[in-house]
Amino acid sequence: QVRLVESGGGLVQAGGSLRLSCAAASGITFRLNAGGWFRQAPRKEREFVAAISARDSSTNYADSVKGRFTISRDNAKNTVYLQMNSLKPEDTAVYYCAAGPSSLSAQAMGVMSPRYWGQGTQVTVSS
């Protein structure tokens with residue numbers, strides 16, 4: 001059974017930073033699967049944020065976060081991170097980690113839904 005566990009959310013002022021973590025607790029490895037982050041704000045559809053490939057660590061970002069967010073991974077810890085800088089109130093959302101199947105690339109994750117999802121972590125940016 002695949003289990004993805006997010007952490008690191010919280011309340012931060014505009015302009016601040018947060019780092020989200022997604023630990024693959026069981027059933028999947030980021031050495032073989034791209035990892036990604038999505039978010040869903042109140043009354044809005046879920047949207048793609050960022051992804052990182054398994055094979056060459058190439059990355060893919062939504063235009064709204066380019067230059068502010070950085071996705072990375074630590075294979076030894078089987079964890080994917082999302083460093084969020086220069087946060088804006090419009091970044092407020094529940095952030096979800098996602099992964100798999102192994103055939104899904106970081107580029108494809110921007111348009112196709114991954115198979116496995118975490119429970120989400122709340123990020124709130126105050127103005």
Return the minimal non-hydrogen interatomic distance between [X] and [Y], and the atom names on each side.
X	Y	answer
Gly100	Asn33	CA-OD1, 3.6 Å
Ala51	Met109	CB-SD, 3.8 Å
Ala106	Ser58	CB-O, 3.9 Å
Thr29	Asn78	CA-OD1, 3.4 Å
Ala14	Pro89	CB-CD, 4.1 Å
Ala25	Val5	CB-CG2, 4.2 Å

Rounded to the nearest 0.5 Å, what separates atom [atom1] in [X] from atom [atom2] in [Y]?
X	Y	atom1	atom2	result
Leu32	Ser102	CG	OG	7.0 Å
Arg68	Asn85	CZ	CG	9.0 Å
Glu6	Ser21	CD	OG	10.0 Å
Gln1	Arg3	CD	CZ	8.5 Å
Thr79	Leu20	OG1	CG	12.5 Å

For residues [X] and [Y], determine if any side-chain heavy atom of one lies less than 4.5 Å from a side-chain heavy atom of the other.
X	Y	answer
Gln122	Thr92	yes
Leu104	Met112	yes
Arg19	Ser72	no
Arg55	Ser105	no
Phe48	Asn60	yes
Val94	Thr121	no
Val49	Tyr61	no
Gln83	Ser17	yes

Please report the C-alpha distance between Val65 and Arg39 in whole Å, then the side-chain angles of each, then the deciding distance to 0.1 Å, and finally whether the side chain to side chain contact (heavy atoms under 4.5 Å, CB included) criterion is met. CA-CA 12 Å; Val65 306; Arg39 67 187 181 186; 4.1 Å; yes

Lys88 with Asp91: basic N within carboxylate O range, under 4.0 Å: no

Summary of ring-ring contact (aromatic ring centres under 6.0 Å, His included) pairs that have at least one residue in residues 86-127, sequence neighbours excluded: Phe38-Trp117

Just checking, Arg73 and Phe30: is the charged tip under 6.0 Å from the six-membered ring centre and within 45° of the axis? no

Linking I/L/V/M/F/W/Y whenever their side-chain heavy atoms sit closer than 4.5 Å, directly or via other members, would Tyr81 and Ile52 fall into one cluster? no

